[in-house]
**Student:** 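Can you read through this structure? Questions will come right after.
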Amino acid sequence: MPTNDPKFYVSTPIYYVNDRPHIGHIYTTTLADVLARYHRLRGDRTFFLTGTDEHAAKVVDTAKEKGFTAQQWADQNAGVFQDTFKKLGMSNDDFIRTSQDRHTSRVKQYIQQLIESGDVYAGEYEGWYDAGQEEYLPENKAKEYDYRSPFNNKPLVRKVETNYFFKLSAYQDRLTELLNDHPQFVQPDARRNEVLGRIREGLNDVPISRSGSGGWGIAMPGDESQTVYVWIDALFNYYTTVDTDDRRAFWPADVHLIAKDILWFHAVIWPAMLMALDLPLPKQVYSHSFWISEGQKMSKSLGNFIDLEKIDEYVDEFSLDALRWYLSTQGPLGSTDSDFAHGKFVDVYNSDLANTLGNCAARVTNMIVRYFDGKMPAAAPGREDAEARQLRSVAMGMYEKVDTLYEKVAVAAANDAALEVVRAVDTFIEQTQPFKLAKDESQRERLGMILYYCAEALRIASLGLSPVLPDKMAEFWQLLGITYDTQAGDLADWCQWGGLQLGSDVQKGAPLFPRKQDK
RNA sequence: GGCCCCGUAGCUCAGCGGUUAGAGCAGUCGACUCAUAAUCGAUUGGUCCCUGGUUCGAAUCCAGGCGGGGCUACCA
């Protein structure tokens, strides 16, 4: 996040491999992708990580049901995530799978280290055991079910087993200090408060191993009868992936993007384990909220789940970039849920993308084609009037705004700061009326200046929008006869006024975002 | 039960002690024609949830209430 550090490491959670990808996975991954693209554009050495979490006990069960080994089943489903992300143009630099040796071998090392430091110790876990499901129920759940199995209604039994525990309780003060001294560590603030509140209630040591996992998962070092609890296993992915000579400099992560349901693990257990390992802490855990669908909670019974098929429909009808725009401008980055609604999607698409951005690009390129035969006219410096100066100043101010906002993960506001430049172009055209000047041969120089200003402001806006709209902005650059290497950018420099060259070829092209009728 | 967040224009939200409370979208009126029935301007619209308090001054701070939501640790 800090501007003076030219590296950026962003992660998504690793996704439960039994899940089918849906809007939740795609949202978080899209956000991470947007941040990663922004930082590459900025010139930062960027590392964007996503992957799958594979060692849950249920993976074994489901695999068995389907007639596969756990590994085969995990391979297959991890493949679905990988294909999905590829199809959606995600620019992740790696895809970590917790069943990979590069992960498991390192997790063992870390746990070994924690055993040696005394942060992990053998203890006894006592809880309500449901023999039918072969699993423990948390105290509140057990109470809720009246101490009976929700499956076969048999009484739960009090069972004790030996597990390895992590000394979470020892880190209560340091965690409190972390949250208090670094409010950015957990965002948004509402989430940070939740975490602080719960820490205040006191921290217990947490079991980090399980028995009887049937050989799936990571064996506890020195005790083959125990398996590293899947959550602990999973959290380590953020570090195992970069714990190599060529990547270690990426650590600590700049942002772990997560959803609100997994905040506790990321905001408390993860940093405590890193403290125990004496490793630097991530700079931020950003916990977004959920999507609801057409005003209602998503559920299978309502059939309103935004699944892959639904997402494909939106991509087909509106374009991938349009989906990215909706997700990143309307998404639940704050502490409340956001609505994914078709009518709203169409409204946002039409007003932001078709009417504002697409239309403005079309009118400007069209005028350059019509009045200057598709050759970029000269800027004619020194002839700048108040309106032109105003436009230039809005455009030149964009980078700083966008950069500040991206640092705060305020993606929607950053997009708006870029769109503001587009709106300024529309206003400028209205003020200067180039289409009228075009009828007067004596106004030719002024006409050229005006259109150059329009195109130049749009070029700068397009750079600010490129992380969210990578395909469409690249298409637009083609129309302007320019290209950018967005993989290794120099955004501050590119956003300087005067990037367009006199005489470069300009085309009108097809509408970037064709207007849609709501239906 | 405990802790936390939110309640500002029809909608989504910004403002978080100080000029006549703002933006985008939607609405209305007007203008324009380069453009994707687009754009530009003007404009309608608000007891800033309620009550009380602090203050020269509160949407903004405090207390209580009402309404909505979240969290309350071992299913990913």
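The sequence lines fix the lettering, A, B, ..., with proteins before strands; numbering per chain opens at 1. All values below come from the heavy atoms of this structure, side chains included, with hydrogens, waters and symmetry mates left out.
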**Student:** When rounded to the nearest Å, what value does the distance between P atoms of B/A23 and B/A14 take?
**Tutor:**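 My reading of the P atoms in B/A23 and B/A14 gives 16 Å.
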
**Student:** Need one value for A/Asp189: base, sugar-phosphate or nothing, where a base atom within 4.0 Å counts as base even if backbone is also close, heavy atoms only.
**Tutor:**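 Nothing, no heavy atom under 4.0 Å.
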
**Student:** Indicate whether OP1 or OP2 belonging to B/A76 is found under 4.0 Å from a side-chain N or O atom of A/Tyr229.
**Tutor:**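 It does, given that an N or O in the side chain of A/Tyr229 lies less than 4.0 Å from OP1 or OP2 of B/A76.
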
**Student:** Using purine N1 to pyrimidine N3 plus N6-O4 or O6-N4 for Watson-Crick, or N1-O2 and O6-N3 for G-U wobble, both under 3.5 Å, which nucleotide pairs with B/A21?
**Tutor:**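 Checking every strand shown, B/A21 finds no partner, since no pair has both distances under 3.5 Å.
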
**Student:** Suppose we define a pair by two distances each less than 3.5 Å, Watson-Crick or G-U wobble; what does B/G67 pair with here?
**Tutor:**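 B/G67 is paired, partner B/C6.
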
**Student:** For nucleotides B/G45 and B/C6, find the distance between their C1' atoms and express it as a whole number of Å.
**Tutor:**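 It works out to 24 Å between them.
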
**Student:** Quote, to the nearest angstrom, the C1' distance that separates B/A26 from B/U19.
**Tutor:**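 About 30 Å, rounded to a whole number of Å.
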
**Student:** Please state how far atom CG in A/Asp233 lies from atom C1' in B/C75, giving the value in whole angstrom units.
**Tutor:**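 Taking CG of A/Asp233 and C1' of B/C75, I get 15 Å after rounding.
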
**Student:** Could you tell me the Watson-Crick or G-U partner of B/A31, where both distances fall under 3.5 Å? Say none if there is no partner.
**Tutor:**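 Partner of B/A31: B/U39.
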
**Student:** Suppose you measure atom C1' in B/U20 against the same atom in B/G46; what distance do you get, rounded to whole Å?
**Tutor:**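 B/U20 and B/G46 have their C1' atoms separated by 14 Å.
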
**Student:** Is A/Lys508 near enough to B/U36 that one of its side-chain N or O atoms lies under 4.0 angstrom from OP1 or OP2?
**Tutor:**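 Yes, A/Lys508 has a side-chain N/O under 4.0 Å of OP1/OP2 on B/U36.
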
**Student:** Using side-chain contact (heavy atoms from CB on, under 4.5 Å) as the criterion, point out the one residue from A/Asn77, A/Val230, A/Val59 that pairs with A/Tyr16.
**Tutor:**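 The single option meeting the side-chain contact (heavy atoms from CB on, under 4.5 Å) with A/Tyr16 is A/Val59.
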
**Student:** Report which part of the nucleic acid A/Val59 touches: base, sugar-phosphate, or nothing (heavy-atom distance under 4.0 Å, all strands).
**Tutor:**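 Result for A/Val59 = nothing.
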
**Student:** Can you confirm whether or not the ring centre of A/His25 sits under 6.0 Å from the ring centre of A/Phe85?
**Tutor:**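 Judged by ring-centre distance (under 6.0 Å), A/His25 and A/Phe85 do not meet the cut-off.
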
**Student:** Nearest to the side chain of A/Lys439, heavy atoms from C-beta on, is which of B/C34, B/A76, B/G70?
**Tutor:**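 Looking only at side-chain atoms, A/Lys439 lies closest to B/C34.
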
**Student:** Test ring-ring contact (aromatic ring centres under 6.0 Å, His included) on A/Tyr27 and A/Phe290 and set out the steps.
**Tutor:** CA-CA 9 Å; A/Tyr27 176 59; A/Phe290 294 149; over 10 Å; no

**Student:** Do NZ/NE/NH1/NH2 and the carboxylate oxygens of A/Glu194 and A/Arg191 come within less than 4.0 Å?
**Tutor:**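 Looking at A/Arg191 together with A/Glu194, the answer is yes, because their closest N to O distance falls below 4.0 Å.
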
**Student:** May I ask you to say what A/Trp264 touches in the nucleic acid, namely base, sugar-phosphate or nothing, with a heavy-atom cut-off under 4.0 Å?
**Tutor:**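 If one applies the 4.0 Å heavy-atom cut-off, A/Trp264 turns out to touch a base.
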
**Student:** Which part of the nucleic acid, if any, lies within reach of A/Phe265 when heavy atoms closer than 4.0 Å are counted: base, sugar-phosphate only, or nothing?
**Tutor:**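 A/Phe265: no heavy atom of the nucleic acid under 4.0 Å.
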
**Student:** Using a 3.5 Å distance criterion without hydrogens, assess whether the side chain of A/Asn163 forms a donor-acceptor pair with backbone atoms of A/Ser209.
**Tutor:**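 Looks like yes, one N/O pair under 3.5 Å.
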
**Student:** Under 3.5 Å for both donor-acceptor distances, Watson-Crick or wobble: does B/G1 have a partner, and if so which one?
**Tutor:**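 Paired with B/U72.
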
**Student:** Are OP1 or OP2 of B/U36 and a side-chain N or O of A/Asn355 less than 4.0 angstrom apart?
**Tutor:**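 False: A/Asn355 side-chain N/O out of range (4.0 Å or more) of B/U36 OP1/OP2.
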
**Student:** So which nucleotide from B/C34, B/A76, B/U12 ends up closest to the side chain of A/Lys344?
**Tutor:**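 Looking only at heavy atoms from C-beta outward on A/Lys344, the closest nucleotide is B/U12.
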
**Student:** Which part of the nucleic acid, if any, lies within reach of A/Arg192 when heavy atoms closer than 4.0 Å are counted: base, sugar-phosphate only, or nothing?
**Tutor:**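 No contact at all - A/Arg192 keeps every heavy atom at 4.0 Å or more from the nucleic acid.
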
**Student:** Of A/Asn193 and A/Lys58, whose closest RNA chain B nucleotide lies nearer the 5' terminus?
**Tutor:**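 Nearest-nucleotide comparison on RNA chain B picks A/Asn193.
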
**Student:** Return the value, rounded to whole Å, for the distance between atom NZ of A/Lys159 and atom C1' of B/C74.
**Tutor:**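 Computing the A/Lys159:NZ to B/C74:C1' distance gives 16 Å.
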
**Student:** Ring centres of A/His256 and A/Tyr286 under 6.0 Å apart?
**Tutor:**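 No.
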
**Student:** Looking across every strand, which nucleic acid part, if any, lies under 4.0 Å from A/Gly509 by heavy atom: base, sugar-phosphate, or nothing?
**Tutor:**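 Here A/Gly509 touches no strand at all.
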
**Student:** Considering every strand and a 4.0 Å limit on heavy-atom distances, what is the contact class for A/Leu512: base, sugar-phosphate, or nothing?
**Tutor:**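 The answer is base, as A/Leu512 lies within the cut-off (heavy atoms under 4.0 Å) of a base atom.
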
**Student:** Looking for any heavy atom pair under 4.0 Å, which part of the strands does A/Pro514 touch: base, sugar-phosphate only, or nothing?
**Tutor:**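 Counting heavy atoms under 4.0 Å across all strands, the contact made by A/Pro514 includes a base.
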
**Student:** Of the nucleotides B/C74, B/A31, B/G70, which has the atom closest to the A/Glu430 side chain?
**Tutor:**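 Of all the options, the side chain of A/Glu430 is nearest to B/A31.
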
**Student:** When rounded to the nearest Å, what value does the distance between P atoms of B/G18 and B/C62 take?
**Tutor:**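 These two P atoms come out 15 Å apart once rounded.
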
**Student:** Under 4.0 Å, heavy atoms only, any strand: does A/Asp19 hit a base, just the sugar-phosphate, or nothing?
**Tutor:**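 Base contact - A/Asp19 has a heavy atom under 4.0 Å of at least one base atom.
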
**Student:** Could you tell me how far B/G67 sits from B/U8 if I compare only their C1' atoms? Round to whole Å.
**Tutor:**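 Taking atom C1' in both B/U8 and B/G67, they lie 15 Å apart.
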
**Student:** Does a side-chain N or O from A/Arg198 land closer than 4.0 Å to OP1 or OP2 of B/A73, or not?
**Tutor:**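 No, because none of the side-chain N or O atoms of A/Arg198 sits under 4.0 Å from OP1 or OP2 of B/A73.
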
**Student:** With rounding to the closest Å, how many angstrom separate the C1' atoms on B/C4 and B/U39?
**Tutor:**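 Taking atom C1' in both B/C4 and B/U39, they lie 46 Å apart.
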
**Student:** Less than 6.0 Å separating the ring centroids of A/Tyr121 and A/Tyr164?
**Tutor:**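 For A/Tyr121 and A/Tyr164, the ring centres are not under 6.0 Å apart.
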
**Student:** Both distances below 3.5 Å, Watson-Crick or wobble geometry, any strand: find the nucleotide opposite B/C61.
**Tutor:**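 Base-paired to B/G53.
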
**Student:** Would you mind reading off the distance between A/Arg210 atom CZ and B/C75 atom C1', rounded to a whole angstrom?
**Tutor:**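 For the pair A/Arg210 CZ and B/C75 C1', the rounded distance is 10 Å.
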
**Student:** Take the protein atom CE of A/Met367 and the nucleotide atom C1' of B/U33, then report the distance between them rounded to whole Å.
**Tutor:**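 Rounding to the nearest Å, CE of A/Met367 and C1' of B/U33 are 10 Å apart.
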
**Student:** Between B/U39, B/C40, B/G70, spot the one nearest the side chain of A/Thr427, thanks.
**Tutor:**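 Closest nucleotide to the A/Thr427 side chain: B/C40.
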
**Student:** Just wondering, do A/Met220 and A/Ile111 contact through their side chains at under 4.5 Å, heavy atoms?
**Tutor:**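 In short, these two side chains touch, coming nearer than 4.5 Å.
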
**Student:** Heavy atoms under 4.0 Å, any strand shown: does A/Tyr15 hit a base, just sugar-phosphate, or nothing?
**Tutor:**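 Touches nothing.
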
**Student:** Which listed nucleotide (B/G70, B/C34, B/C5) is nearest to the side chain of A/Tyr371?
**Tutor:**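 Looking only at side-chain atoms, A/Tyr371 lies closest to B/C34.
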
**Student:** Nearest heavy atom decides the nucleotide; on that basis, is A/Ile208 or A/Arg191 closer to the 5' end of RNA chain B?
**Tutor:**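 Result of the comparison: A/Arg191.
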
**Student:** For B/G52 and B/C13, measure between their P atoms and round to the nearest Å.
**Tutor:**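 So the two P atoms sit 30 Å from each other.
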
**Student:** At under 4.0 Å, does any side-chain N or O of A/Lys436 touch on OP1 or OP2 of B/U33?
**Tutor:**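 True: A/Lys436 side-chain N/O within range (under 4.0 Å) of B/U33 OP1/OP2.
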
**Student:** A/Asn204 has an atom CG; how far is it from atom P of B/C74, in whole Å?
**Tutor:**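 Going from A/Asn204 (CG) to B/C74 (P), I get 11 Å.
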
